[in-house]
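The sequence lines fix the lettering, A, B, ..., with proteins before strands; numbering per chain opens at 1.
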Amino acid sequence: MIKLQLPEGAEAEVPEGVSIREALSDVKGIRKAVAARLNGTVVDLSTTLATDATIEPVMPGSDDALEVLRHTTAHVMAQAVARHFGIENVEFAIGPVIKDGFYYDFDLPRTLTEDDLPAIEKLMEQIKRENIEIVRSVATDRDDALATIHGAGAKSKFKQELIRGFPAEEPVSFYTQGEFTDLCRGPHLPATGKLAFFKLLSVAGAYWRGDEKREQLQRIYATAFFDKKELKQLLHQREEALKRDHRKVGQQLDIFRSLPEAPGFPLWLPNGTIIVNQLLAYIREKLEVRAYQEIRTPHIMIDDLWKTSGHYDHYKDNMYFTEIEDRSFAVKPMNCPGAALAYKQGLRSYREHPVRLGEFGLCHRFERSGTLHGLTRVRSFVQDDAHIFCTPAQLQSEILALIDLTHEVYREIGFGVPKMVLSTRPDDRTGSDEMWDNAENQLTEALAKAGATYDINPGDGAFYGPKIDFLVLDAIGREHQLCTIQVDFSLPEKFDLEYVGNDSARHRPVVIHRAILGSIERFIGLLIEHYAGIFPLWLAPTQAMVLPVSEDRHADAAGNILQELRQAGFRAHVDWSNNKLGKKIREATLKKTPYLLVVGDREVDNGTIAVRRRDGTDCGSLEMGALLHMLREERDTRSLVPLLNTPRGDTPQADAPSAAEEDA
RNA sequence: GCUGCCGUAGCUCAGUGGUAGAGCACCUCCUUGGUAAGGAGGAGGUCAUGGGUUCAAGUCCCAUCGGCAGCUCCA
């Protein structure tokens, strides 16, 4: 007999060889269990018990259960693909669980298209209905495993390669469901009938083991959930992401264009340029308060500089080069060397530290054509970069200030509280252990003082120093990495940076690299998607559109209103077309113009303006003075919600994207 | 870069080897209007580029350029 610790403190004694399913048979709701934890490890319910153990069921709703579900769904998808093409025609690669679902890679006799997916889905439903038992088997060693996979019916080039990669003597597990056997660590659901809700999402090319020199495979992305609502939610999120795609919205709102004439180098149209300039002005405000100095460093500098900085060795393949009077120059991919040169101009005293040099530097980096993507992956971009040169003793307070600044900016832009990740020393690194100890301690203490919760990525720091990354959630629940704060001991060495300390000796400063928005291009790409094109007033390219009811009778009144708005610094226009009012409203609304100012006979007579918001809210009629007051307030506080409301004074609420959306 | 798909009017897209199309936008005219599309007319194309097959190519083939998706989250 063996002793078992069961859930909720229960204990049991059972004979050896009993399965977990049997051992847990008295636990409430056990029929819904998808797997079990055996001494902490997730295993099949069919696992038999040989020694004393702690066991508990893995129930739907837990992350473990979801992983098992998705993994089994991947196997069923593979089985369906085998039935679709004939098992002898399919070469199976791997089918792992990923963040929002799973995929499986195959080598197939022909190219898959999206049109194949419904048929495969249907076969999966069929396999689910057949409720085939999923049986684990174990091959004792490598030869046994190779024999098993050989006998499984499908081509097995990749599976054999995997097996040969395992230790020769180690047992290898397989899972069989009907005619389909797959090499797999498991665990799995007990039968295909336990499958829940799934959806095949897309087909894509992929390489065996991600290596572009290896076989090209075909991948099916799919997802699965226990809860139908959660599946629907994910599908909805994907749809929403498509609708908000910054390439589409950026085109509709005339923000930027991607040109065949300049692949990877976006063209900012007037509307986009306004947004860029507003963001830069915003960041400049923050920097002035915090005693930064702004610099502008050369875009093209001689090769030697990049050899000194180490970029030539590490980053050459991503740099552009040019020749000037027979000497080779490089276009800057980063701003740091320029900042180091700026620091070096003159003998520095400890008294002037920290030296905070900000630069909205335009950088150029070569990216492979296949990786380019709208504004989020480009070949030239502006960083809101800064290099802070400080004494080792100042490191912590500077980091703390940066954490603070980052939180402030993200809050004001409308992102939630960012998740922070501390990355510590990698194996391959420069600098003494003492330096790393110091830097990591300073970062850790700064994070503690900021009262922040954060994750640690051990070994993921840059070779020249540890870093803190900031991850924000956007409006539709996607995570993006924006800010990064990196400590650098290496740059001051390479450029022989020094300052005179209070002991009148020369000392080495420490450098902090940081960008808050990251690249302005990428940031605006994310902002477009985060706001769904509905920019807050201070960022909106056109802030108000004056709509005369009759374009000739109310022309003077409209012109006067425009003048006053312009004089108050607002970006306003008049719709001079001879369309009817309804059409003018439709067009301005589709362009997401925050405020529509209607002027007709009534308004001319009363000296007022009828105000409508882009979400359709009627704000009633106001006098010009009152209107300007509210608009200034909303703009100057960079409010994320409209301050002008209905005449009854309803509570302000964000311009709900859904309310203003009716894209034709 | 590699694989697959795609490239037709300013935009969104139809067009399956036989005379280049629609809607929106643009221009002109009519209409001067009250909170999401008033009406009529007009202009606009080397069908990405180059080559090939064919009596005939937007359509089929090849190449080039550009776009889109993907290219380990390791059984």
- Message: Check this for me: does the side-chain of A:Asp105 come within 3.5 Å of the base of B:U72 through a donor and an acceptor?
- Response: no
- Item | From A:Ser380 atom OG to A:Arg365 atom CZ, the distance as rounded to the nearest 0.5 Å | 11.5 Å
- Between B:C73, B:G70, B:G38, which nucleotide gets closest to the side-chain atoms of A:Ile98? B:C73
- Message: For B:U72 and A:Tyr104 - does any side-chain N or O of the residue sit under 4.0 Å from the phosphate oxygens OP1/OP2?
- Response: no
- Query: So, is A:Lys583 close to the B:A25 phosphate, meaning a side-chain N or O under 4.0 Å from OP1 or OP2?
  - Reply: yes
- Task: Answer with base, sugar-phosphate or nothing: what part of the nucleic acid does A:Glu551 contact at a heavy-atom distance below 4.0 Å?
- Result: base
- Query: Have A:Asp601 and A:His554 got a donor and an acceptor in their side chains that come within less than 3.5 Å?
  - Reply: yes
- Message: Taking only side-chain N and O atoms of A:Arg247, does any of them lie within less than 4.0 angstrom of OP1 or OP2 on B:G67?
- Response: no
- When we call it a touch if two heavy atoms are under 4.0 Å apart, what does A:Glu367 touch: a base, just sugar-phosphate, or nothing? nothing
- Message: Quick check on B:C71: is either OP1 or OP2 less than 4.0 Å from any side-chain nitrogen or oxygen of A:Arg219?
- Response: yes
- Message: Distance check, rounded to the nearest 0.5 Å: A:Ile255 atom CD1 versus A:Ile528 atom CD1?
- Response: 4.0 Å
- Query: Touch check for A:Phe166, heavy atoms < 4.0 angstrom, all strands: base, sugar-phosphate only, or nothing?
  - Reply: base
- Query: Picking from B:G70, B:G66, B:U35, which would you name as closest to the side chain of A:Pro263?
  - Reply: B:G66
- Query: Counting any heavy atom closer than 4.0 Å, what does A:Ala610 reach on the DNA or RNA strands: base, sugar-phosphate only, or nothing?
  - Reply: base
- Query: Watson-Crick or G-U wobble partner for B:G7, using a 3.5 Å limit on both distances?
  - Reply: B:C65
- NZ (A:Lys157) and CD1 (A:Ile149) are apart, to the nearest 0.5 Å, by 14.5 Å
- Task: Report the nucleotide, chosen from B:G38, B:A36, B:G70, that has the shortest atom-to-atom distance to any side-chain atom of A:Ala204.
- Result: B:G70
- When rounded to whole Å, the CH2 to C1' distance for the pair A:Trp576 and B:U32 reads 14 Å
- Message: Classify A:Gly582 by what it touches in the nucleic acid, base, sugar-phosphate, or nothing, heavy-atom distance under 4.0 Å.
- Response: sugar-phosphate
- Taking for A:Gly264 and for A:Arg257 the nucleotide of RNA chain B with the nearest heavy atom, the one nearer the 5' end belongs to A:Arg257
- Query: Using a cut-off of 4.0 Å on non-hydrogen atoms, how would the nucleic acid contact of A:Gln251 be classed: base, sugar-phosphate, or nothing?
  - Reply: sugar-phosphate
- Item | Protein-nucleotide distance (A:Met77, atom CE; B:A75, atom P), rounded to Å | 16 Å
- Do A:Phe92 and A:Phe180 have ring centres separated by under 6.0 Å? yes
- Task: Please state whether the rings of A:Trp208 and A:Phe158 are parallel, tilted or perpendicular, taking 30° and 60° as the class boundaries.
- Result: tilted
- Query: OP1 or OP2 of B:A69 sitting under 4.0 Å from any side-chain N/O of A:His373?
  - Reply: yes
- Note on the structure: Closest to the side chain of A:Asn578, out of B:C2, B:C30, B:A75, is B:C30
- Item | Earlier contact from the 5' end, RNA chain B, for A:Asp601 and A:Arg185 | A:Asp601
- Item | N/O (side chain, A:Arg553) to phosphate O (OP1/OP2, B:G33) under 4.0 Å | yes
- Query: Looking across every strand, which nucleic acid part, if any, lies under 4.0 Å from A:Ile94 by heavy atom: base, sugar-phosphate, or nothing?
  - Reply: sugar-phosphate
- Message: What's the closest nucleotide to the side chain of A:Tyr103 if the choices are B:U72, B:G70, B:G34?
- Response: B:U72
